[in-house]
Amino acid sequence: MKVTQHKNGVLISGIDDFDLEQTLDCGQCFRFWLNSDGDWHGVAGDRPITLRRLDDGILFLNITVGEFEEFWRRYFDLDRDYAAVRAGFPDHPALRDSTCFARGLRILRQDPWEALISFIISQNNNVPRIKGIIDRLCRGFGTPCGDDFAFPPPSVLACLSTEELGVIRCGFRAAYILDAAKRVCSGQIDLEQVAAMPIEQARAALQTIKGVGPKVAECVLLYGMGRLEAFPLDVWMKRAMAELFPGCTPESFGRFAGIAQQYIFHYCRCNPSCLCSTVQK
DNA sequence: CGCCAGGCTTCTA
DNA sequence: TAGAAGCATGGC
């Protein structure tokens, strides 16, 4: 991969397996939107970014090479060889189909706190509404950064009442968000510490937060803590495992099972006909 | 309008 | 201790 200063940003070229739509619209993050001009714009933590697909690579608009190196290289997991990850997967027809379809997908390294709140909000919810709620959360309680708003820190949310938080219209999840904020703010839960725990211990620690069960905990580990062995099992993945991977377990996919999970999830969401229609939770 | 949403908590047998 | 109901809200 080559990183060069471009006249209006930073251009990365010679990178395989990096598709903006597949990466930013595959259900792992909720703060990126496709502009009418084809650019992707979003915020990670308190850093806004606009991304553009060019013939010779991906352009990160209006940032310096320093900012790219300091933050965005890691955020987009650009030092990982995804072809090598795929080569390490077990040979399975449905997994081949999934990786072939979603080859340009990368797992973002999001902020643990942002991932925690985002996936608490995601429960029993749909993606457009999740994005709307998170947008209102940031506009209402985050500090401005350029034309955007930062994700509000635990200290800010911990002070709110459920009534005050109600303006984001997150429904019954308000109490869960406040519980998470209070426990992180007080230091009762240290997310950096959780990220470093053995995975079973990390799962248990996250699930002490109200509104965090097995699925949300797994999402926080995978998308917010860089734990690529984490394997979220939502209704889609449960169906995919039952119908496409009978007899397989998350462990069947190896140490990068979480990446396999994301290929499969995105493939099934975009091609629902690959699963039979019987929905069971 | 009715069904459902990247689930979880609480209630019930 | 498993299984189902209830949960706020709004996208489709």
Side-chain angles (χ1 to χ4, degrees), chain A residues 21-34 98 101-102 105 107-108 110 112 114-137 139-140 160-183 189 203-225 227-228 230-245 250 253 257-272 274-281:
Chain A
E21 181 179 2
Q22 290 181 348
T23 299
L24 298 172
D25 200 24
C26 69
Q28 65 172 326
C29 63
F30 304 101
R31 294 202 72 195
F32 280 85
W33 309 76
L34 182 61
S98 301
F101 175 79
L105 180 161
I107 300 291
L108 301 174
Q110 302 178 65
E114 183 170 337
L116 172 62
I117 298 304
S118 297
F119 284 94
I120 285 175
I121 290 170
S122 80
Q123 69 180 76
N124 193 232
N125 214 338
N126 56 62
V127 172
R129 201 168 88 91
I130 297 164
K131 292 177 79 167
I133 291 170
I134 293 175
D135 189 54
R136 291 190 288 277
L137 178 71
R139 287 177 190 279
L160 301 177
S161 65
T162 50
E163 291 73 29
E164 290 171 309
L165 190 55
V167 299
I168 69 171
R169 307 198 296 277
C170 58
F172 61 86
R173 304 164 192 85
Y176 301 159
I177 293 170
L178 294 182
D179 184 61
K182 283 172 185 156
R183 306 185 60 167
I189 289 185
R203 285 176 174 131
L206 288 169
Q207 289 180 45
T208 63
I209 299 167
K210 281 203 198 90
V212 178
K215 193 273 178 180
V216 170
E218 219 63 10
C219 287
V220 176
L221 284 162
L222 178 58
Y223 307 119
M225 295 181 167
R227 299 298 291 266
L228 300 180
F231 197 94
L233 280 166
D234 72 314
V235 285
W236 288 86
M237 282 305 299
K238 285 178 183 170
R239 287 168 56 196
M241 292 298 281
E243 296 181 29
L244 304 178
F245 301 93
F253 298 100
I259 300 180
Q261 177 274 152
Q262 199 64 23
Y263 284 128
I264 297 163
F265 176 78
H266 193 237
Y267 175 67
C268 292
R269 290 306 305 261
C270 294
N271 305 280
C274 73
L275 299 171
C276 77
S277 53
T278 56
V279 183
Q280 51 178 359
K281 289 202 178 183

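Letters A, B, ... are given to chains in the order of the sequence lines, protein chains preceding strands, and every chain is numbered from 1. Values in this document were obtained by computation on a predicted structure and should not be read as measured data.
- Residue contacts for A/Arg269: at a heavy-atom cut-off of 4.0 Å it reaches the sugar-phosphate backbone alone, with no base atom in range.
- Residue side chain A/Glu218 does not reach the base of B/dG6 through any donor-acceptor N/O pair under 3.5 Å, judged by distance alone.
- Ring pair A/Phe253/A/Phe231 is parallel by interplanar angle, where below 30° counts as parallel and above 60° as perpendicular.
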Open item on the list: Evaluate A/Ile209 against A/Leu116 for side-chain contact (heavy atoms from CB on, under 4.5 Å), listing each step before the verdict.
Closed with: CA-CA 10 Å; A/Ile209 299 167; A/Leu116 172 62; 3.9 Å; yes

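- When rounded to the nearest whole Å, the span between CZ of A/Arg239 and C1' of B/dC4 equals 13 Å.
- Side chain of A/Arg239 to main chain of A/Cys276: a donor-acceptor pair is present (N/O by atom type, distance under 3.5 Å, no hydrogens or angles).
- The interatomic distance linking A/Asn125 (CG) with C/dA8 (P) rounds to 13 Å, in whole Å.
- At whole-Å resolution of the value, CD in A/Gln123 and P in B/dT10 are 12 Å apart.
- Rounded to an integer number of Å, the gap from A/Trp236 CH2 to B/dC4 C1' is 11 Å.
- Of the residues in residues 175-182 of chain A, none lies under 4.0 Å from DNA chain C by heavy-atom distance.
- As rounded to whole Å, 11 Å separates atom P of B/dC8 from atom CG of A/Leu233.
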- [ ] Begin with the C-alpha distance, continue with both residues' side-chain angles, and end with the deciding distance and a verdict on side-chain contact (heavy atoms from CB on, under 4.5 Å) for A/Leu244 and A/Cys268.
- [x] CA-CA 10 Å; A/Leu244 304 178; A/Cys268 292; 4.0 Å; yes

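- Against DNA chain C, the stretch residues 126-137 of chain A makes heavy-atom approaches under 4.0 Å through A/Asn126, A/Pro128, A/Arg129.
- Around NZ of A/Lys131, the count of heavy atoms belonging to other residues, nucleotides or ligands within 6.0 Å exceeds 12.
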Open item on the list: Set out, in order, the CA-CA distance, both residues' side-chain angles and the distance that settles side-chain contact (heavy atoms from CB on, under 4.5 Å) for A/Lys238 and A/Val235, then state yes or no.
Closed with: CA-CA 5 Å; A/Lys238 285 178 183 170; A/Val235 285; 5.7 Å; no

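- Residue order along DNA chain B, read from the 5' end via each residue's closest nucleotide, puts A/Met237 first among A/Met237 and A/Gly211.
- Applying the 5.5 angstrom centroid cut-off and the 30 degree plane-angle cut-off, the aromatic ring of A/Phe119 is not stacked upon the base of B/dG6.
- Contact annotation for A/Cys29: no contact, since no heavy-atom pair falls under 4.0 Å across all strands.
- At a cut-off of 3.5 angstrom, the base of C/dA8 holds at least one donor-acceptor pair with the side chain of A/Asn124.
- Between the side chain of A/Gln261 and the base of B/dG6 there is at least one donor-acceptor pair of N/O atoms closer than 3.5 Å.
- With rounding to whole Å, A/Phe172 atom CZ is found 5 Å from C/dC7 atom C1'.
- Using a 4.0 Å heavy-atom distance criterion, A/Tyr223 is classed as a base contact.
- Scanning residues 163-171 of chain A for heavy-atom distances under 4.0 Å to DNA chain B yields an empty list.
- For A/Tyr223, the ring-ring contact (aromatic ring centres under 6.0 Å, His included) partners at least two apart in sequence or on another chain are A/Phe119.
- Side-chain N or O atoms of A/Gln22 include one that pairs as donor or acceptor with a backbone N or O of A/Phe101 at under 3.5 Å.
- For the P atoms, the distance from B/dG6 to C/dG6 is 23 Å, rounded to whole Å.
- Rounded to a whole angstrom, the distance from the P atom of B/dC8 to that of C/dG11 is 23 Å.
- Between the P atoms of C/dA5 and B/dC3, the separation comes to 15 Å (whole Å).
- Residues passing the salt bridge (charged side-chain N to carboxylate O under 4.0 Å, His left out) test with A/Arg183, sequence neighbours excluded: A/Asp179.
- Of the P atoms belonging to C/dA8 and B/dC11, the separation is 13 Å, rounded to the nearest Å.
- With sequence neighbours left out, the salt bridge (charged side-chain N to carboxylate O under 4.0 Å, His left out) criterion links A/Asp234 to no other residue.
- The distance between atom CD1 of A/Ile209 and atom P of B/dT9, rounded to the nearest whole Å, is 11 Å.
- To the nearest 0.5 angstrom, A/Thr23 atom OG1 is 6.5 Å from A/Gln28 atom CD.
- Using a 4.0 Å heavy-atom cutoff across all strands shown, A/Gly27 reaches at least one base atom of the nucleic acid.
- Although no hydrogens or angles enter the test, the distance criterion places no donor-acceptor pair under 3.5 Å between the side chain of A/Gln261 and the main chain of A/Ala230.
- In this structure, the NE2 atom of A/His266 is 13 Å from the P atom of B/dG6, given to the nearest Å.
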Open item on the list: Go through it in stages, so that I can follow the logic: the residues are A/Leu34 and A/Glu21, the test is side-chain contact (heavy atoms from CB on, under 4.5 Å), and I'd like the CA-CA distance, side-chain angles, deciding distance and then a yes or no.
Closed with: CA-CA 8 Å; A/Leu34 182 61; A/Glu21 181 179 2; over 6 Å; no

